[in-house]
Protein chains: 2
Amino acid sequence: MTTNASPTSVDRILTAATRIAQAHGYGGLNLRALADQVGIKAGSLYHHFPSKADLAAAVARRYAEDSAVVLAALEADTGRPELALRRYPETFRRSLENDNRMCLCSFMAAEYDDLPAAVQHAIQAFADINVAWLARMLQAAGLAGAKPAHLRASAIFAAVSGAQLMARGKADIALFDALMDNYRAAGLFSA
Amino acid sequence: MTTNASPTSVDRILTAATRIAQAHGYGGLNLRALADQVGIKAGSLYHHFPSKADLAAAVARRYAEDSAVVLAALEADTGRPELALRRYPETFRRSLENDNRMCLCSFMAAEYDDLPAAVQHAIQAFADINVAWLARMLQAAGLAGAKPAHLRASAIFAAVSGAQLMARGKADIALFDALMDNYRAAGLFSA
DNA sequence: ACCTGAACACCGTTCAAGT
DNA sequence: ACCTGAACACCGTTCAAGT
């Protein structure tokens with residue numbers, strides 16, 4: 001059990017880097033700008049992480065872990081899998097509310113070819129965590145059907161990701177909400 | 001009517017730049033690498049375009065125009081709007097086949113905040129063209145329903161974009177196909 | 001008209017040097 | 001242990017100079 005009296009340098013670096021990467025991606029993660037936000041020089045970052053690749057991998061891994069915690073909390077809070085499914089888009093909406101940011105995983109999926117291997121793996125892990133959670137909720141809600149649940153889960157994940165991407169491109173959260181309503185009406189999260 | 005005996009320098013630049021941008025985005029579009037592919041020096045690019053921003057805007061505008069032509073051809077080829085709708089994902093699939101590339105618009109939607117204004121507008125135009133075409137097909141097929149057709153069209157566009165993003169992240173075209181099957185079964189393109 | 005080579009400020013990264 | 005300043009090769013961009 002760790003105390004959190006005041007965040008460590010590494011924590012502050014990871015938090016700032018996550019926010020930058022959600023808005024500008026891996027390529028747009030400027031180490032001089034990041035260091036500025038943390039109050040150190042760019043060279044000092046290399047005392048905490050051996051390279052930008054390692055820093056970004058740490059960011060992506062922590063992002064995936066945090067996502068798992070959020071999903072577990074959503075499951076526990078709602079109690080019912082049907083409700084948890086319907087509220088799944090909330091985390092994606094929260095990124096848009098937060099200065100039109102994106103899911104780190106979606107941005108980096110676009111940048112995939114230019115990503116260091118460690119970051120690629122962390123991104124895969126994020127997607128896997130989300131799909132596994134969705135598949136479990138679908139099955140618990142008795143919505144698995146004939147097709148494999150993980151495929152249905154992937155369809156939900158892709159649709160929500162695409163809606164976030166489109167809403168961000170138009171800087172229009174109302175569009176994201178309208179798309180989610182449309183998907184709900186089409187039975188994407190239920191029937 | 002223009003002849004196309006041999007492509008102009010500008011054409012060759014735009015074609016190469018489009019391919020690079022589909023794989024690496026605006027930020028990943030390296031002018032020295034682009035110039036190399038075309039067989040000139042980076043500085044020479046500025047004789048054809050006043051800046052990287054203008055070059056990218058030209059790329060995005062041509063991409064949107066080409067997309068309009070492809071959609072018109074799909075409409076004409078199939079004759080029936082229901083069939084045109086079902087075959088809509090083909091263009092997105094083609095990008096993935098082409099060295100795991102993405103729709104330029106999706107990549108740049110992620111990069112939106114870092115894009116020059118002219119590029120942002122061209123990206124919006126691409127999305128608008130796609131949504132308008134989809135809405136027209138939905139209406140022609142009598143699938144408009146109570147909700148506005150452009151919203152239903154946006155839902156299709158977002159879902160296909162998200163599926164492409166996810167399939168690219170896994171470098172797995174079969175996943176894209178499976179997701180499209182899933183969406184078709186759910187009635188996204190029809191019922 | 002079209003191209004080059006050299007230069008500018010900026011990036012990721014390294015490293016000697018400080019405390 | 002943690003940080004800085006200066007340096008490296010690389011980027012977008014400019015521009016004088018060539019043909």
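Naming convention: chains lettered A, B, ... in sequence-line order (proteins, then strands); numbering from 1 in each chain. Small disclaimer: the values here were computed from a predicted structure and weren't measured. FYI, side chains are in, hydrogens and waters are out, and symmetry mates aren't considered; it's all heavy atoms of this structure.
- The distance from atom CD1 of A:Ile13 to atom C1' of D:dC2 is 11 Å, rounded to the nearest whole Å.
- Between the OH atom of B:Tyr46 and the C1' atom of D:dT13 there is a distance of 5 Å, given to the nearest Å.
- Among the nucleotides D:dT13, D:dG5, C:dC11, the one closest to the side chain of A:Lys41 is D:dG5.
- The nucleotide whose nearest atom lies closest to any side-chain atom of A:Ser9 is, among D:dC3, C:dC3, D:dA7, D:dC3.
- In this structure, the CG atom of B:Leu55 is 16 Å from the C1' atom of D:dT14, given to the nearest Å.
- Between B:Lys170 and A:Asp128 a salt bridge is recorded (basic side-chain N to carboxylate O distance below 4.0 Å).
- At whole-Å resolution of the value, NE2 in B:His24 and P in D:dG12 are 13 Å apart.
- Proximity note for B:His48 (side chain, C-beta onward) versus C:dC3, D:dT14, C:dT13: the nearest is C:dC3.
- In this structure, A:Tyr26 atom OH and C:dC11 atom P are separated by 16 Å, rounded to whole Å.
- Side-chain atoms of A:Arg101 never come within 3.5 Å of backbone atoms of A:Ser95 as a donor-acceptor pair (strictly under, hydrogens ignored).
- For C:dC2, neither phosphate oxygen OP1 nor OP2 lies less than 4.0 angstrom from any side-chain nitrogen or oxygen of B:Ser44.
- Distances were taken from every side-chain heavy atom of A:Ser51 (C-beta onward) to each of C:dT4, D:dC3, C:dT13; the shortest belongs to C:dT13.
- Between the NZ atom of B:Lys52 and the P atom of D:dC10 there is a distance of 17 Å, given to the nearest Å.
- The local environment of CZ in A:Arg136 is crowded, with over 12 non-hydrogen atoms from other residues, nucleotides or ligands closer than 6.0 Å.
- Ring-plane geometry between A:Phe157 and A:Phe92 is classed as perpendicular, the angle between the planes exceeding 60 degrees on a 0 to 90 degree scale with a lower cut at 30.
- For B:Arg62, the CZ atom counts as densely surrounded, since its 6.0 Å shell holds more than 12 non-hydrogen atoms of other residues, nucleotides or ligands.
- With a cut-off of 3.5 Å on both Watson-Crick or G-U wobble distances, the partner of D:dC15 is given as C:dG5.
- Here the nucleotide nearest the side chain of A:Arg32, chosen from D:dA7, D:dA1, D:dG12, is D:dA7.
- Atom pair A:Asp36:CG and C:dC10:P shows a separation of 13 Å (rounding to whole Å applied).
- Of the candidates D:dC11, D:dT13, C:dG12, the closest approach to any side-chain atom of B:Asn30 belongs to D:dC11.
- For B:Leu31, the side-chain atoms get nearest to D:dT13 when compared with the rest of C:dT4, D:dT4, D:dT13.
- Within the nucleic acid shown, A:Leu29 comes within 4.0 Å of sugar-phosphate atoms alone, with no base atom in reach, counting heavy atoms only.
- Across the protein-nucleic acid pair, B:Leu45 atom CG and D:dT14 atom P stand 13 Å apart, rounded to whole Å.
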